[in-house]
Amino acid sequence: MRRRLSYRGGKTQGRMNDGKLWSLKKALNSSYQAITLQTNDGRWFKALLNPSKVSEDYDTKILSIPYEDICLNRKRIGTTTEGLEKTDIAAGQTFRWVENGTDWLVTLHYYQETAYFRGIAQRCKYSVDVNGNKYPVVVVGPNQISEQWHRADLAYYNELNY
């Protein structure tokens with residue numbers, strides 16, 4: 001039994017990470033939410049962009065991408081496993097969704113996910129020109145859908161939109 005568990009990934013955390021990464025890679029091939037992601041340096045990778053929150057002001061999705069994957073637009077010589085490259089996706093970086101041409105900003109990284117990169121991405125509706133270079137940006141202001149009412153003794157009060 002010990003030899004079999006060692007062969008399948010050693011410790012429990014390693015086996016769980018291998019299983020989660022395997023299921024993510026299967027979803028990249030057959031999921032409706034699978035996209036082609038273009039990094040800032042022009043490399044293309046498969047990723048999942050699952051819906052999270054949508055409003056008239058912003059579009060937020062959950063990004064899932066392996067830490068290492070095959071670059072889709074790079075010529076490879078040899079076996080597929082030799083073509084693995086670091087995806088280098090991190091919070092604060094932008095990427096382009098190739099299929100529809102929209103730009104996205106990674107705003108949050110879920111560090112509790114250790115098998116692959118998982119984070120929050122928001123769609124960039126605007127761009128800023130700095131010294132002749134255009135940068136995609138996310139502009140989200142306060143939006144209040146309803147007022148929060150509180151009660152203290154016999155008085156009711158609400159909070160401002162912070």
Side-chain angles (χ1 to χ4, degrees), residues 8-9 11-74 76 80-81 83-130 133-150 158-162:
R8 302 247 359 237
K11 301 197 183 286
T12 306
Q13 186 68 33
R15 288 193 304 274
M16 284 192 300
N17 282 347
D18 288 346
K20 290 165 81 174
L21 185 60
W22 179 83
S23 65
L24 172 68
K25 289 193 175 198
K26 289 295 180 188
L28 292 176
N29 292 329
S30 59
S31 176
Y32 180 70
Q33 281 89 16
I35 67 163
T36 304
L37 177 147
Q38 180 181 355
T39 61
N40 291 331
D41 57 0
R43 297 178 300 150
W44 290 14
F45 295 101
K46 293 299 277 183
L48 284 182
L49 204 57
N50 294 316
S52 179
K53 298 176 193 167
V54 178
S55 75
E56 63 276 355
D57 295 329
Y58 59 89
D59 187 3
T60 302
K61 298 198 183 297
I62 300 172
L63 173 69
S64 300
I65 184 170
Y67 288 117
E68 288 184 339
D69 204 4
I70 297 168
C71 181
L72 300 176
N73 61 342
R74 189 169 315 248
R76 290 187 307 275
T80 304
T81 56
L84 290 177
E85 296 183 20
K86 291 190 180 294
T87 55
D88 294 329
I89 298 294
Q93 291 184 337
T94 58
F95 65 89
R96 179 170 289 253
W97 182 350
V98 174
E99 284 83 6
N100 65 10
T102 56
D103 292 317
W104 294 77
L105 173 69
V106 180
T107 57
L108 183 66
H109 181 188
Y110 290 128
Y111 286 103
Q112 68 269 23
E113 181 59 66
T114 56
Y116 53 87
F117 179 87
R118 185 172 184 206
I120 299 290
Q122 290 187 321
R123 186 165 65 100
C124 302
K125 291 184 178 180
Y126 307 101
S127 63
V128 174
D129 191 340
V130 178
N133 295 326
K134 285 194 170 190
Y135 297 98
V137 294
V138 175
V139 178
V140 178
N143 56 355
Q144 184 170 343
I145 297 170
S146 64
E147 294 182 17
Q148 299 278 335
W149 286 92
H150 303 283
N158 65 359
E159 296 179 7
L160 295 173
N161 183 8
Y162 292 106

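Model, not experiment: these values are computed from the prediction.
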Next item on the list: Could you list the residues that satisfy ring pair (Phe, Tyr, Trp, His ring centres under 6.0 Å) with Phe117, not counting sequence neighbours?
Entry: His109

Margin query: Could you check whether atom CH2 of Trp44 has more than 12 heavy atoms from other residues, nucleotides or ligands sitting under 6.0 Å from it?
Written below: no

Item checked: Other residues, nucleotides, ligands: >12 heavy atoms within 6.0 Å of Lys86 NZ -> no

Going by heavy atoms in the side chains, are [X] and [Y] under 4.5 Å from each other?
| X | Y | result |
| --- | --- | --- |
| Leu48 | Leu63 | no |
| Thr94 | Asn40 | yes |
| Cys124 | Val138 | yes |
| Tyr110 | Ile120 | yes |

Check: Taking atom OG1 of Thr114 and atom CE of Met16, what is their separation to the nearest 0.5 Å?
Finding: 7.5 Å

Next item on the list: Could you grab the distance from atom CD of Gln122 to atom OG1 of Thr107, nearest 0.5 Å is fine?
Entry: 4.5 Å

Check: Who are the side-chain hydrogen bond (donor to acceptor under 3.5 Å, both in side chains) partners of Asn133, not counting sequence neighbours?
Finding: none

For [X] versus [Y], what's the shortest heavy-atom pair and its separation?
| X | Y | value |
| --- | --- | --- |
| Tyr116 | Ile65 | CB-O, 3.5 Å |
| Ala115 | Leu21 | O-CD1, 3.9 Å |
| Ala121 | Leu49 | CB-CD1, 4.5 Å |
| Ile62 | Ser52 | CG1-CB, 4.0 Å |

Checklist line | Sequence-distant partners of Lys61, salt bridge (charged side-chain N to carboxylate O under 4.0 Å, His left out), two or more places apart | finding: Asp59

Check: With respect to Phe45, which candidate in Thr39, Val98, Leu72 satisfies the side-chain contact (heavy atoms from CB on, under 4.5 Å) definition?
Finding: Thr39

Next item on the list: Look at the side chain of Thr87 and the backbone N and O of Pro66, then say whether any donor-acceptor pair between them is shorter than 3.5 Å.
Entry: yes

Checklist line | Qualifying salt bridge (Lys or Arg N to Asp or Glu O under 4.0 Å) pairs with a residue from residues 103-117, counting only residues at least two apart or across chains | finding: Lys20-Glu113, Arg96-Asp103

Next item on the list: Mind jotting down which residue pairs meet the salt bridge (Lys or Arg N to Asp or Glu O under 4.0 Å) criterion with at least one end in residues 29-45? Sequence neighbours excluded, please.
Entry: Asp41-Arg43, Arg43-Glu85, Arg43-Asp88

In a table with atom names and distances, give each donor-acceptor pair under 3.5 Å that connects a side chain of residues 31-38 to protein atoms at least two apart or in another chain.
unit_1 : atom_1 : unit_2 : atom_2 : d
Ser31  : OG     : Gln33  : N      : 3.1
Ser31  : OG     : Gln33  : OE1    : 3.3
Thr36  : OG1    : Glu99  : OE2    : 2.7

